[in-house]
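Read through the structure below, which is laid out as C-alpha cells, and then see the notes.
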Amino acid sequence: VSNNIDIVSRRSSDNGKTWSDYIVIFQGSEDGGAGCKYWNGYGDGAVASFSNGTVIATAIHGFGLSGGTSAAASDVVWKVSRDNGKSWSSEYTMDQSLFGGLRGNISPGNICVANEGYIKGKALVGLRTSTSPNKDSNSSASHQRIYCLTYDPDENKWTQVKISSNDYLENTSNYLDEVQFVQVAKDQYILSARSDASGNRLFYRLTFTSATDATATMISQSGMNLANPCNGDLIKYAAKGGTYILHTVPKDMVYGSNNCRTNLSAYYTELSTSGNLKWTRSLNLFDPFDNTDGGAAKTGIGAMDEAAQYS
C-alpha cells in the first residue's frame, strides 16, 4: 500500500452477464515522498452491500502494517455509495482508537451483513492489527489482534464489539491474521482466521449477547490442511441435501523453497450451531504450472439445484 495503487470496481445489473467499465473508488498517488515506499496507495479492499442500496468499500491507506510512531500513518478508510455503487462519497478515516492505536486493516473480500439478531442490518468485520504502533501512538502489542467492529449504514458509524469484556480477540499460541465471518444463527457467527496453527486456519463461534458484546469460543476443525492458505471467503449455501457453509481458500503452489498463491480450493461443511467443523474439499482450481498434488480427493456436495440460495 506504500505504492501508487488504486482500488476500482465494476458493476453488473444483469446477474453478472455483462459488466460496466471500471469505477475508481480509491485513487492512489505518489505524493508521500521520494521513493515508492512513501507513496500513498490503497490495498486490501473489502465491500459490503445493504438492502437499501447502500454499499461501503473499505481499504488500508498509507504506510502499511510495519513502522514506528514516526512513520507515516496506516489508515483504515472507507467510502459510501447510496446508489448501488454508481457513485461514491468522499473518503472517511476510521478513528485509530477503535483498533488500539496499532497498524491494521479490515480483511479484504466480502463483508458479512447480519440479517437478524442484535446487529441486524449492520456489517460485521474483523480488523487485524500488527504489533507495530501507528503514527504518534504509544500503543504496543506482543501478538497480533482481531478487533471486531460493526458498521451502521444509516449512521455511517463504526462501533467496537467487546469480546468477553476485552477490546479484541487474541491467541497467544498462534497468530491471528485476516478473518471472515458467516452468520449461522440469529446471534451466532463463524469466524475463520488465517493462522500458523495446524491446518493453517483457526475457527471461533462468535455469539452476540448484545449489540456491542459477544463471546468467542474456539472450535476445532478437520479436513482442511493446505500449505499457508491465505484469506478466503465464507458463505451460507442452501441446497436440496441441507444447508452448508462454503469456504474458499487460496492455496500456495510450492516449488522448491518458493511459495506463490496460484490455486483456489473450496471446502464445505454442514451448517451447525454447535460442535466442530468437518470440512470436505469440493473443488480445486489448479495453476497449470503447479506440480503439487492438491491435497485430499475431491468430493462434491451433491446435486446443486438452481433454486439454491447463497447468503
Side-chain angles (χ1 to χ4, degrees), residues 46-58 76 78 80-82 84 94 98-99 106-128 145-171 176 178-193 201-221 231-239 242-248 268-277 308-311:
V47 64
S49 60
F50 302 87
S51 59
N52 63 357
T54 296
V55 183
I56 61 165
T58 67
V76 176
W78 79 97
V80 182
S81 172
R82 300 294 184 182
N84 288 302
M94 186 181 294
L98 287 173
F99 50 101
I106 292 172
S107 299
N110 184 47
I111 295 174
C112 177
V113 176
N115 55 31
E116 60 178 335
Y118 286 114
I119 61 170
K120 180 180 179 180
K122 298 179 181 179
L124 174 64
V125 303
L127 194 157
R128 61 92 177 245
R145 299 171 177 173
I146 302 298
Y147 287 83
C148 295
L149 307 172
T150 59
Y151 173 80
D152 187 324
D154 296 326
E155 298 184 8
N156 191 28
K157 178 183 178 182
W158 294 94
T159 301
Q160 187 184 91
V161 177
K162 289 191 176 296
I163 307 298
S164 301
S165 300
N166 296 317
D167 290 343
Y168 52 84
L169 179 65
E170 184 180 65
N171 187 303
L176 297 176
E178 298 164 330
V179 305
Q180 295 291 349
F181 294 94
V182 63
Q183 188 170 14
V184 296
K186 183 177 181 179
D187 287 302
Q188 187 184 116
Y189 301 78
I190 296 294
L191 180 158
S192 172
R201 296 199 75 84
L202 289 176
F203 295 90
Y204 294 80
R205 290 193 188 274
L206 195 74
T207 303
F208 278 80
T209 56
S210 74
T212 56
D213 296 275
T215 60
T217 304
M218 186 184 295
I219 50 178
S220 62
Q221 66 92 12
N231 190 49
D233 263 324
L234 284 169
I235 63 169
K236 187 169 60 176
Y237 178 91
T243 304
Y244 302 87
I245 299 171
L246 298 186
H247 198 332
T248 55
Y268 72 89
T269 185
E270 290 188 16
L271 186 146
S272 66
T273 56
S274 62
N276 302 326
L277 301 175
Q309 299 295 312
Y310 293 88
S311 62

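Residues take their numbers from the sequence shown, with the count starting at 1. Just so it is clear, the values below take in all heavy atoms, side chains as well, and ignore hydrogens, waters and symmetry mates.
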Next on the checklist: I'd like to know whether K122 forms a side chain to side chain contact (heavy atoms under 4.5 Å, CB included) with T159, so could you lay out the CA-CA distance, the side-chain angles of the two residues, the decisive distance to 0.1 Å, and finally the verdict.
Outcome noted: CA-CA 10 Å; K122 298 179 181 179; T159 301; 5.9 Å; no
task = Before giving the answer on side chain to side chain contact (heavy atoms under 4.5 Å, CB included), spell out for L124 and T150 the whole-Å C-alpha distance, their side-chain angles and the decisive distance to 0.1 Å.
result = CA-CA 5 Å; L124 174 64; T150 59; 4.2 Å; yes
Side chain to side chain contact (heavy atoms under 4.5 Å, CB included), that's the test. Do F181 and L191 meet it? Break it down for me. CA-CA 5 Å; F181 294 94; L191 180 158; 3.4 Å; yes
Evaluate the side chain to side chain contact (heavy atoms under 4.5 Å, CB included) criterion for residues N156 and Y151: first the C-alpha distance (whole Å), next the side-chain angles of each, then the deciding distance (0.1 Å), finally the verdict.
CA-CA 7 Å; N156 191 28; Y151 173 80; 2.6 Å; yes
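Scanning both residues, R201 and E178, for their nearest heavy atoms gives NH2-O, 3.7 Å. Heavy-atom minimum distance, C148 versus I163: SG-CD1, 3.9 Å. Between M218 and Y204 the shortest heavy-atom distance is CE-OH, 3.2 Å. Among all heavy-atom pairs drawn from G126 and I146, the shortest one is CA-CG2, 4.1 Å. The two residues A46 and P108 make their nearest non-hydrogen contact at CB-CA, 4.0 Å. Here the closest heavy-atom approach between residue T273 and residue V184 is recorded as CG2-O, 3.9 Å.
Ring geometry for Y189 versus F208: interplanar angle over 60°, hence perpendicular rather than tilted (30 to 60°).
For the side chain to side chain contact (heavy atoms under 4.5 Å, CB included) criterion with F99, the lone passing option out of V76, D167, I106 is V76.
Distance alone, capped at 3.5 Å, is enough to place a donor-acceptor pair between the Q183 side chain and the N115 backbone. Remark: side-chain polar atoms of Q180 are not paired, donor with acceptor, to backbone N or O of S192 under 3.5 angstrom. The backbone N or O of D154 sits less than 3.5 Å from a side-chain atom of D152, completing a donor-acceptor pair. R128 contributes no side-chain N or O that, together with a main-chain N or O of L176, makes up a donor-acceptor pair within less than 3.5 Å. Counting only distance, with no hydrogens or angles, the side chain of R205 and the backbone of G275 share a donor-acceptor pair below 3.5 Å. Between the S107 side chain and the V179 main chain, a donor and an acceptor come within less than 3.5 Å of each other.
Remark: I219 CD1 to S272 OG distance equals 7.5 Å, nearest 0.5 Å. The OG1 atom of T209 sits 7.0 Å away from the OH atom of Y118 when rounded to the nearest 0.5 Å. K120 contributes atom NZ, which lies 12.0 Å from atom CG of D187 (distance to the nearest 0.5 angstrom). Between the CD atom of Q160 and the CG atom of L149 there is a distance of 6.5 Å, given to the nearest 0.5 Å. To the nearest 0.5 Å, atom CZ of residue R82 and atom CG of residue N84 are 11.5 Å apart. Note that the CD1 atom of I235 and the CD1 atom of I245 stand 10.5 Å from one another [nearest 0.5 Å].
No hydrogens or angles considered: nothing links the side chains of T248 and D233 as a donor-acceptor pair under 3.5 Å.
Taking the six-membered ring for Trp and the full ring otherwise, the centers of Y244 and Y268 sit less than 6.0 Å from each other.
A heavy-atom distance below 4.5 Å is found between the side chains of M94 and L127. Here the side chains of I111 and T58 are in contact, with some heavy-atom distance below 4.5 Å. A heavy-atom distance below 4.5 Å is not found between the side chains of Y147 and L98.
Surrounding CD of E116 are more than 12 heavy atoms belonging to other residues, nucleotides or ligands, all under 6.0 Å away.
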